[in-house]
There are 2 protein chains.
Amino acid sequence: MYDNLKLDNQLCFRLYTAARLIMQAYFPYFEPLGITYPQYLVLLVLWEKDHQPVNDIARRLHLETNTVTPLLQRMEKQGLLSRKRGKEDTRQRIVSLTAKGKALEERAKDIPDCLVAQLSDKMEDINCLRAAMPALDALIDGLR
Amino acid sequence: MYDNLKLDNQLCFRLYTAARLIMQAYFPYFEPLGITYPQYLVLLVLWEKDHQPVNDIARRLHLETNTVTPLLQRMEKQGLLSRKRGKEDTRQRIVSLTAKGKALEERAKDIPDCLVAQLSDKMEDINCLRAAMPALDALIDGLR
DNA sequence: CTAATTTATATCGTTCACGATGCAAAAGTA
DNA sequence: TACTTTTGCATCGTGAACGATATAAATTAG
């Protein structure tokens with residue numbers, strides 16, 4: 001048995017699992033809003049800065065357009081945003097929030113705190129997670 | 001603008017991105033073996049201990065059977081493993097490696113090291129990631 | 001001013017991930 | 001023994017992810 005191939009030694013497995021479990025923990029909060037976690041990420045980007053082309057959103061989320069385009073199409077169908085052709089560059093699709101998309105910000109603003117509270121109940125030291133954020137940033141930066 | 005809703009403040013986004021980017025980095029190594037990252041995880045579990053029921057594999061990976069069952073079905077079709085009904089409990093499906101599945105261990109044993117080496121080139125402090133592992137374990141344990 | 005190339009987005013096919021649900025075998029209960 | 005509940009696995013439908021590829025507009029080169 002190679003130590004390298006022990007599940008418990010694998011960082012990626014931890015990241016993969018942690019991400020999935022947090023998304024599951026988010027689910028009950030997103031469900032009443034009719035959105036998913038990746039859709040929430042798109043909204044975060046647009047709440048920060050409205051009217052962005054597909055590419056800028058994709059880059060911000062470290063995703064490819066072939067993931068983001070269908071995501072945006074579904075969100076457009078739900079009436080959360082619009083996708084209009086760019087004026088100077090007609091290849092671009094400028095993504096803008098609708099009133100419905102904007103309104104969700106108010107309803108979503110407390111969700112992260114709810115999750116942190118929920119986590120604090122379950123683990124004694126929540127700050128060790130905050131402490132890990134720079135390491136993750138370095139990793140992401142290295143792999144981009 | 002709510003600070004809570006800034007993408008850069010979100011731990012889950014980092015985990016989600018880091019996991020995806022590492023899986024992408026794994027891809028060129030897995031592709032010649034004809035497997036995917038989740039399939040690799042299943043193999044890790046079976047290389048550690050062969051002949052396990054679906055439930056044990058699912059629990060080890062923190063996945064539900066409705067994710068693992070189709071995964072195993074695909075792997076069976078590829079000839080990596082077999083799924084036989086349990087003897088004492090006929091509801092169970094005992095998953096066992098085939099010769100082909102076992103043989104992959106030898107070919108996969110150096111992949112984690114390759115990835116670490118690749119990462120070391122790209123970021124100066126790779127140990128800060130190892131240091132984050134206990135925090136991730138605590139998080140996963142809290143969310144289970 | 002064409003022709004080659006790059007860029008922005010989209011489509012396609014396959015594999016996950018997962019909530020909801022179904023079903024049959026096993027275990028517990030009356 | 002008959003009935004209920006639990007357990008183990010599976011199916012279904014939807015929404016991601018993503019590698020590969022396509023298409024049209026913009027840019028660059030010749």
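FYI, side chains are in, hydrogens and waters are out, and symmetry mates aren't considered; it's all heavy atoms of this structure. All values reported here derive from a predicted model rather than from experimental measurement. Letters A, B, ... mirror the listed sequences (proteins, then strands); counts begin at 1.
Among the protein residues, A:Tyr37 comes within range of no part of the nucleic acid, since none of its heavy atoms lies under 4.0 Å from any strand. Using a 4.0 Å heavy-atom distance criterion, A:Asn66 is classed as a base contact. Within the nucleic acid shown, B:Thr36 comes within 4.0 Å of sugar-phosphate atoms alone, with no base atom in reach, counting heavy atoms only. The residue B:Pro53 sits close only to the backbone: its heavy atoms come under 4.0 Å of sugar-phosphate atoms, none of a base. The residue B:Arg85 sits apart from the nucleic acid: no heavy atom pair falls under 4.0 Å. When heavy atoms are screened at a 4.0 angstrom cut-off, B:Glu31 is found touching no nucleic acid atom at all. Residue A:Arg83 is in sugar-phosphate contact alone, with no base atom involved, counting any heavy-atom pair closer than 4.0 Å across all strands shown. Using a 4.0 Å heavy-atom criterion, one finds that A:Gln92 contacts the sugar-phosphate atoms exclusively. At a threshold of 4.0 angstrom between heavy atoms, the contacts of B:Thr90 are confined to the sugar-phosphate backbone, with no base atom among them.
When distances are taken from the side chain of A:Val54 to each of C:dA17, C:dA25, C:dA10, the shortest belongs to C:dA10.
Phosphate proximity of D:dG8 to B:Arg93: absent, as no side-chain N or O sits under 4.0 Å from OP1 or OP2.
Looking at A:Glu105 and A:Lys102, no side-chain N of the basic residue comes within less than 4.0 Å of a carboxylate O on the acidic one, giving no salt bridge.
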